[in-house]
Amino acid sequence: MNVFNHFRDIIKVEIETISAAAGADGAPRISVEPPRDPSHGDLSTNAAMVLSRAAGLKPRDLAEKLAAALGAQPDIQTVDVAGPGFVNITLDPAFWRSRLDDILQNGEAYGTSTMGGGRKINIEYVSANPTGPMHVGHARGAVLGDALAGLLTKAGFDVTREYYINDAGAQIDTLARSLHLRYREALGETIGEIPEGLYPGDYLVPPAAKLVERDGDKWRNLDEAEWLPALRDFAIDEMMALIWDDLAALGIHHALFSSEREIAASGAIDEVVAGLEKDDLVYVGVLEPPKGKTMDDWESRPQTLFRSTKFGDDVDRPLKKSDGSWTYFASDIAYHRDKIRRGFDVMIDVWGADHKGYIKRMQAAVTAVSGGKATLDVRICNLVHLFDGGAPVKMSKRAGTFVTLRDVVDKVGRDVVRFIMLTRGNEAALEFDMAKVVEQSRDNPVFYVQYAHARACSVLRNAAAMFPDLKLDDSSLSDADYGRLSDPGELALIKLLAGWPRVVETAAEAHEPHRIAYYLSEIAAQFHGQWAKGNIDENLRYIIADDMGLTHARAALVRATAIVVASGLRTMGVKPVEEMR
RNA sequence: GCGCCCGUAGCUCAGCUGGAUAGAGCAGCGGACUUCUAAUCCGCAGGUCGCAGGUUCGAAUCCUGCCGGGCGCACCA
């Protein structure tokens, strides 16, 4: 149960009783939130201030009426009117304690929401070019997309995880030529320095050997035109296998891989552009060179343009290259229309920071192609600055200090990578210190949260050892006498745990999975803090040797903490640990 | 020149889509262990939310204009 939504519904009913006009008017603007200052109660609503005009009352007067009505509701202990017309509600502690039932009975499914109503939503993420292994920067987009997918699933959406393979264009030819060189090397030739313009990485050496094994020297002395298509296919398959491995190391598995080449081959691009032409959204025109930027090779010439300015873009965008072939943008339009046709009217793309300038045109295209019915949200991932023990890791392909995603995952573990990548908002740059993230200390958020879960499991193990007769399965725990959980710290922890459904919904709505990481840190802090109180006052320990009933009640709280932390971690794609030694 | 993002404590960052006295970690200072794992916790100190206007009951949050930083800016993907 989302406690806040629950009482929001009750408040709406009461408002309608007080004033039908107000009830009909601004219901959507009513917010019910936890007040920042806990001394203001458990819930705070702005309803009286937002609806005073429609009700024909002064905010404070409406607030007083609302407060009187709410005071008679079950589960509500006190209601106060404060400031300009806030209505602050304090709930009965028994109501909060009963949230433990909700948690224990649902297990890790606690927090699952019906907000999404099973609506289809498509998340396209990673989409790294198949020209080599993934590097650290890719990891952030991969984790963000995957965690967002997990979050939206938890929030009740029908999520499809999708990867767009950019397997067309000149880069793939470059890949194929680079492979051919390595292939000749594998056949015994001395190739020397890799020429400028080809990919120098030695990750093409194993595929080259594999190609020799499969085809012998059959491609060796042919003209490029004869071997290029075959080597292209071979190279793409090899590179995608590499990327799949890297993703699997992060625990990421897309449901669908869409190929740019297949889109192009299907004629979808011609089709979608023809459709845009029909709507008068395509024309031939001349673009102005950008001002304030030196463009030596600028050549003013007529181009086939998409009227993206009609949908808020800054300039119209080219659909054709100078050689007459389609631009990447054109095939991306066709691709997104394909997604729309597959029934997705809500789409999310996760891109790197260098693609920021591409957002408007893509959103314009989605609006145009769908007739305004589909929406595209683009989540941009800022840079990851890699450190090792406080020293920046300089990455250079030439110097051979290039750090791949795989290197980092192998070094610190996939759960650490996943969690740390979500400890910042996606638009903020992120520092990733490979030494620090495996430290067992307070300033390592992964450890701090994992330790809370492990500590909770440890308490339950100890409780079982001390009281062999105590039933500690979830259903027995939900029969415990919660009334004995009366310490303010315990109640505060319960309230935090009860906030999980709301965190899921607000984070899902904002498309911001990093909020889960912060929320889990809060729980961990409250839990560790409560633990420490037991070192000062033995009566506050979770396990009380001569009081099995109290231990049972506290075990229920501890178990509920473990459940919520585990649920949060799993939503982020991180595996909770039961022990840390 | 234009567009987007960012600017919050000494440092790294949250701030729940406009709520009340702006929060946390680190660093600093002072405390707490014959432990249910101190791998932790408690306290103190630290702020003109870049600057200036505006919108309103109310602004770190929205609008405008500056200042500073980042990214991008036909045909690559």
Side-chain angles (χ1 to χ4, degrees), chain A residues 31 33-37 40 44 46 49 52 58-60 82-86 88 127 129 131 166 168-172 260 286-293 295 297-301 303 305 313-318 320-323 325 327-329 331-332 352-360 380 382-383 423-425 427-431 439-445 447-448 451 454-455 458-463 465-466 499 502-503 505-507 509-510 512 514-515 517-519 521-522 525 528-536 538 541-545 551 554 558 579-581:
Chain A
S31 71
E33 295 177 341
R36 213 185 313 216
D37 184 344
H40 289 139
S44 177
N46 63 354
M49 291 178 289
S52 61
K58 288 180 181 164
R60 294 255 344 176
F86 287 104
N88 292 331
S127 299
N129 292 337
T131 55
N166 299 138
Q171 51 168 354
I172 298 299
E260 183 186 357
V286 179
L287 288 178
E288 295 286 316
K291 287 171 183 150
K293 193 190 177 226
M295 304 281 295
D297 54 349
W298 181 271
E299 181 195 344
S300 212
R301 57 178 170 77
Q303 290 177 293
L305 301 170
D313 199 3
D314 311 309
V315 288
D316 293 331
R317 305 293 179 176
K320 278 186 179 176
K321 302 181 201 171
S322 51
D323 67 0
S325 61
T327 59
Y328 179 79
F329 179 47
S331 62
D332 220 0
D354 53 339
H355 283 60
K356 241 183 229 171
Y358 199 77
I359 299 175
K360 279 190 186 172
I380 289 294
N382 212 319
L383 301 175
T423 52
R424 292 283 175 269
E427 302 248 349
L430 178 111
E431 279 185 26
E439 255 175 35
Q440 300 200 333
S441 72
R442 175 68 175 98
D443 60 329
N444 177 3
F447 165 74
Y448 191 67
Y451 183 35
R455 180 173 256 175
S458 167
V459 170
L460 294 170
R461 284 192 298 267
N462 289 332
M466 182 168 288
R502 179 171 189 268
V503 170
E505 293 183 355
T506 53
E509 198 158 0
E512 289 184 349
H514 75 274
R515 291 189 193 179
Y518 280 90
Y519 168 69
S521 297
E522 271 183 67
H528 289 312
Q530 193 62 20
W531 167 280
K533 279 161 88 175
N535 285 334
I536 298 158
E538 288 200 359
R541 295 193 176 193
Y542 293 117
I543 298 173
I544 306 292
T551 302
R554 289 192 174 153
V558 171
E579 201 172 4
M580 295 187 115
R581 285 283 174 185

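Naming: A, B, ... by sequence-line order, numbering from 1 per chain.
- Residues satisfying the side-chain hydrogen bond (donor to acceptor under 3.5 Å, both in side chains) test with Glu505(A), not counting sequence neighbours, are Asn2(A), Asn5(A), Ser113(A).
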Which string of ( ) [ ] | and . matches RNA chain B, if you list each base 5' to 3' and count Watson-Crick or G-U pairs only when both distances are under 3.5 Å? (((((((..((((.....[...)))).(((((.......))))).....(((((..]....))))))))))))....
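- In this structure, Phe86(A) atom CZ and A20(B) atom P are separated by 7 Å, rounded to whole Å.
- With sequence neighbours left out, Asp316(A) forms a salt bridge (Lys or Arg N to Asp or Glu O under 4.0 Å) with no residue at all.
- The interatomic distance linking Asp314(A) (CG) with C4(B) (P) rounds to 7 Å, in whole Å.
- Looking at heavy-atom distances under 4.0 Å, Glu260(A) makes contact with sugar-phosphate atoms alone, never a base.
- Applying the side-chain hydrogen bond (donor to acceptor under 3.5 Å, both in side chains) criterion to Arg455(A), with sequence neighbours excluded, gives Tyr451(A), His528(A).
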Can you name the atoms? Protein N/O to nucleotides 69-71 of chain B N/O, anything below 3.5 Å, with the distance.
from, atom 1, to, atom 2, distance (Å)
G70(B), N2, Lys356(A), NZ, 3.2
C71(B), O2', Ala353(A), O, 3.3

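- Using modelled atom types, one finds no donor on one side chain facing an acceptor on the other under 3.5 Å when comparing Thr131(A) with Gln171(A).
- Donor-acceptor pairing under 3.5 Å, judged by distance alone, is absent between the side chain of Asp332(A) and the base of A77(B).
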Which atom pairs link the protein and nucleotides 14-16 of chain B when you take only N or O atoms and keep those under 3.5 Å?
from, atom 1, to, atom 2, distance (Å)
A14(B), OP1, Gly425(A), N, 3.0
G15(B), OP1, His514(A), NE2, 3.3
C16(B), O2, Arg502(A), NH1, 2.6

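- No hydrogens or angles considered: nothing links the side chains of Tyr542(A) and Asn462(A) as a donor-acceptor pair under 3.5 Å.
- Between the P atom of C33(B) and the CZ atom of Arg541(A) lies a distance of 12 Å, rounded to the nearest Å.
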